[in-house]
There are 2 protein chains.
Amino acid sequence: MIVENNINLDHIDLAILRLMQDNSRISNVHMAKELEMAPSAVLERVKKLEQKQVIQQYTTRINPSAIGLKLLAFISIKASHSLGCTTTAIELAKIEEVQEVHIIAGEDCYLVKVRIADSASLMELMRNSFSKITTIVSIRTTIVLETVKEQQQLVIPENKKIS
Amino acid sequence: MIVENNINLDHIDLAILRLMQDNSRISNVHMAKELEMAPSAVLERVKKLEQKQVIQQYTTRINPSAIGLKLLAFISIKASHSLGCTTTAIELAKIEEVQEVHIIAGEDCYLVKVRIADSASLMELMRNSFSKITTIVSIRTTIVLETVKEQQQLVIPENKKIS
DNA sequence: GGTGAAACTACGCGGTA
DNA sequence: TACCGCGTAGTTTCACC
């Protein structure tokens with residue numbers, strides 16, 4: 001829960017991140033060819049990026065509707081002891097269907113992203129999980145009708161150094 | 001832009017997805033041990049999941065602030081010719097800093113997630129990109145102060161069949 | 001779905017600048 | 001500190017059962 005000391009990434013590190021972001025299963029040999037380096041040197045850099053927690057996880061993006069998760073919703077939540085108090089947020093984060101919990105500026109305190117099977121399941125989640133969090137004052141649910149774009153990938157800059 | 005025909009996933013497929021979602025670089029040999037199968041059988045299933053587009057991508061989660069992306073914002077956008085018209089959404093999706101574009105139920109038409117370096121960059125993005133989309137009527141920006149949870153991973157069900 | 005073999009890759013180490 | 005080359009162990013991938 002601390003860190004972020006002295007992270008210095010050069011353009012090679014950024015190129016590695018760009019390649020791995022697009023395909024985490026790319027081989028070191030393949031990356032080494034692109035970068036005109038030896039595979040072992042690439043591996044060393046990757047290991048360091050993992051250590052420094054620049055790389056957080058290698059994950060697989062799964063089609064949500066293929067596994068029956070057809071509903072996406074954003075929920076704005078207002079809590080009673082609002083400012084600086086993250087306990088409500090932590091309770092929300094414990095719910096496994098909750099993908100994201102953000103503390104936001106503005107009148108609502110939290111913005112939550114939920115992915116779930118259908119509207120009946122959402123109702124159930126509301127009754128069984130959200131309602132148990134006693135600090136919640138009000139809830140406003142926004143249903144997503146269609147997702148036009150959803151990428152986790154970040155725009156990795158080209159420049160040399162980031163502190 | 002079609003598909004999703006006859007996707008039938010059994011409990012082994014779901015187990016594979018669960019393992020690969022947590023670590024996309026897991027070896028077939030490792031999965032085979034967990035599932036008590038031969039590595040080649042696992043590989044076959046993985047290839048089929050890729051073909052069926054159940055697996056969409058192998059990606060690497062990168063710490064955004066490590067590459068200088070310290071600002072996250074949600075933007076609610078109202079457009080002029082609202083209902084059923086996705087052209088505005090498509091324009092929004094073209095902006096690379098825009099990670100997500102959702103068409104939502106309710107008074108605002110679109111919900112957009114943007115990740116960018118800082119508030120100055122956001123201003124710049126507004127001026128250079130959003131303002132070019134002439135169908136946009138109004139914009140409401142919500143800045144994220146702190147992210148308590150952000151996982152792409154889905155809750156993969158345990159049951160046998162999903163149509 | 002399993003087996004076996006060939007090709008490929010990861011990974012650690014010692015050496016270089 | 002970063003890169004390279006090599007050797008070994010482990011993995012992917014294929015045709016075939």
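Just so it is clear: chains get the letters A, B, ... in the order the sequence lines come, proteins before strands, and each one is counted from 1. Since the structure is predicted, the reported quantities are computational estimates derived from the model, not experimental observations.
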Distance-only polar pair, side chains of B:Thr88 and B:Thr135, donor-acceptor under 3.5 Å:
yes
Only residue of B:Lys113, B:Gln151, B:Gln152 satisfying side chain to side chain donor-acceptor pair (under 3.5 Å) with A:Glu100 is B:Lys113
How many whole angstroms separate atom NZ of A:Lys47 from atom P of D:dC3?
16 Å
Which of these, A:Ile133, A:Leu111, A:Ile104, A:Ile136, sits in a side-chain contact (heavy atoms from CB on, under 4.5 Å) with A:Ile77?
A:Ile136
Euclidean distance, atom NE2 of residue A:His30 to atom C1' of C:dA10 [Å, nearest integer]
17 Å
Could you report the tightest heavy-atom contact between B:Ala93 and A:Val148, atom names first, then the distance?
CB-CG1, 4.3 Å
Presence of A:Asn28 side-chain N/O under 4.0 Å of C:dA10 phosphate oxygens OP1/OP2
yes
Within residues 18-27 of chain A: residues closer than 4.0 Å to DNA chain D (heavy atoms)
none
For B:Asn128 against B:Lys132, the heavy-atom pair lying closest together
O-CG, 3.0 Å
Closest non-hydrogen atoms of A:Ala32 and A:Val42, given as atom of the first, atom of the second and distance, are CA-CG2, 3.8 Å
For A:Lys48 and D:dA2, is the shortest distance between a side-chain N/O and OP1 or OP2 below 4.0 Å?
yes
Are A:Tyr110 and A:Ile139 side-chain neighbours, meaning at least one heavy-atom pair lies under 4.5 Å?
no
For DNA chain C, the residues among residues 33-46 of chain A that have a non-hydrogen atom under 4.0 Å from it
A:Ser40, A:Leu43
List the atom of A:Ile26, the atom of B:Arg25, and the distance in Å for their closest heavy-atom pair.
O-NH2, 3.5 Å
